[in-house]
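What follows is a single structure, written as structure tokens, with notes after it.
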Amino acid sequence: MHRWSGNDVTAVPEELEELRNWQSRLRAQFPIVTGNPELVYLDSAATAQKPQVVLDAAWTYLTTSNANAGRATYPWANRTTALVEHARDRIKEFLHDPAPTRSSTHFTSGTTEGLRTIPRDWLPSYLADGDEIVIPEADHQANIAPWLEAQQLLDRQGVRIRILRMPYQAGSGDYDHRDLAELVGPRTRFVAATHVHHVYGADMNIHRVRRAVGPEAVICLDAAQSVGHLPVSVTDLDVDFVVFSGHKALALPGTGAVWARQARGPAFRPGGWSGTPNTVGIASLTTALDWLDAVGLGRIERWTVALTARLTEGLRHLDAYEVLGCQTSLAADSTVQRRRGIVAFRHREITSGDLGFILFSHGFMVRSDSHCQGSAGEKTGSVRVSLHLHNTPDEIDRLLSVLRTLQ
Ligand code: PMP
């Protein structure tokens, strides 16, 4: 593999060179990107831009079939019902869930809502007095608050569960899998994990989490930053829940899903009357997943990881900046160079809020604040750059050159 050398941040490594034609054809399919050549969108971790096919799918659905699902028998209603059912199967397929398995898919408005349904509708029937659950306190609040609330809820019912904090290395932004293995015991029955960290871009290595917690514990995966960015296989990862946001995977806002395996615990059946589903969002989600599969998630991953490495390598030579989650080493061969499309950094003197404004004055749209991170995470704000396949090496180089002038 190509290695960066010295200060050479303008060279394009083989990885990017090889994928360049593929990428430029795909970039051209994002109207908001091509329509705003003076702007650079670097906030895909917050929400992703949509390719034309997704916009077309929403338009086509609304102008040919718009109706409610599962309620009437005229053709538009039938088509909508079929579309929703097809989307469930499509999600299973997208997540490499080999049919037929005892799994189910439930639509939500996004990861936050999806993660809330599990402690509300499933966890109480699974846990018993004295059981333990592991939660990731350096991760997104959406993957912390629901579990703390579940503990209180169960407590009121006389079921006391212990919360174990996922051990975590601030030096690399990764879980400490060895400490995790020490921490867990026979009563540890549930682990809330995150696939890719929303601030550090670290892949949390779910294989190692599984090895640390053993074969029996249920693993619930917050896949908000991995679905749509890299291949996610429930078979390979051996997880029991996958929760993601459709809007971060190129579909419309207000979409998301919970996939549940039902092998290590009772069946997951979200309670209550859920009302009219987001049919147009679901239509857009199916199309987004089709498009992502056709484009190739492996290639999307290679492209964004290579771009991220280009950015961290550039930052390595700029003393005024501190890259989060790698106080120990930013060396070219360190694992922090394998960030999944997300890098957060701060300037040693300019506040992150100001840096965000300055960067926008040059056309760069980044996220700058505390990034909804849990209490074990960063205490001060930072600027987060997050990428998708429409981003280019040239955009990274232009960003680095602005950052250089601010040294
Ligand atoms: N988990 C992670 C890791 C995230 O990055 C996000 C969004 N930033 C969420 C959960 C919440 O996603 P949503 O806002 O789509 O519900």
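Only a predicted model underlies this, so the values are computations on that prediction, with no experimental measurement involved. Numbering of ligands and ligand atoms starts at 1, following listing order.
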Heavy-atom nearest neighbour in the protein, as seen from atom 7 (C) of ligand 1, with distance rounded to 0.1 Å
K248 NZ, 2.5 Å
Answer yes when R90 and E93 have at least one side-chain N-carboxylate O distance shorter than 4.0 Å, and no when they do not.
yes
Heavy atom of the protein closest to atom 4 (C) of ligand 1 (residue, atom name, distance):
H140 CD2, 3.4 Å
Does a side-chain N-to-carboxylate-O contact under 4.0 Å join E313 and R316?
yes
Does the distance from a Lys or Arg side-chain N to an Asp or Glu carboxylate O, for D131 and R162, drop under 4.0 Å?
no
Please determine whether a side-chain nitrogen of the Lys or Arg among R384 and D369 lies less than 4.0 Å from a carboxylate oxygen of the Asp or Glu.
no
With nothing but distance in play, are any N or O atoms of T111 less than 3.5 Å from an N or O of ligand 1?
yes
Atom 11 (C) of ligand 1: nearest protein contact (heavy atom, Å)
T112 OG1, 3.3 Å
Does the ring of Y175 carry R208 above it, NZ/CZ under 6.0 angstrom from centre and within 45° of its axis?
no
Which residue and non-hydrogen atom of the protein lie closest to atom 3 (C) of ligand 1, and at what distance in Å?
D222 OD2, 3.4 Å
Atom 5 (O) of ligand 1 has as its nearest protein heavy atom Q225 NE2, 2.7 Å
With ring pair (Phe, Tyr, Trp, His ring centres under 6.0 Å) as the rule and sequence neighbours excluded, what pairs involving residues 146-165 come up?
W147-F190
Would one find an N or O of T194, backbone or side chain, under 3.5 Å from an N or O of ligand 1?
no
Is ligand 1 less than 4.0 angstrom away from at least one heavy atom of H197?
no
Which ligand 1 atoms, with their elements, are less than 4.0 angstrom from a heavy-atom of H198?
3 (C), 5 (O)
Going by distance alone, is a donor N or O of one side chain under 3.5 Å from an acceptor N or O of the other, for S104 and H106?
yes
Looking only at distances, please establish whether an N/O atom of ligand 1 is found under 3.5 Å from an N/O atom of R384.
no
Please identify which atoms of ligand 1 are closer than 4.0 Å to at least one heavy atom of A142.
10 (C)
Going by atom types alone, do H388 and S44 pair a side-chain donor with an acceptor below 3.5 Å?
no
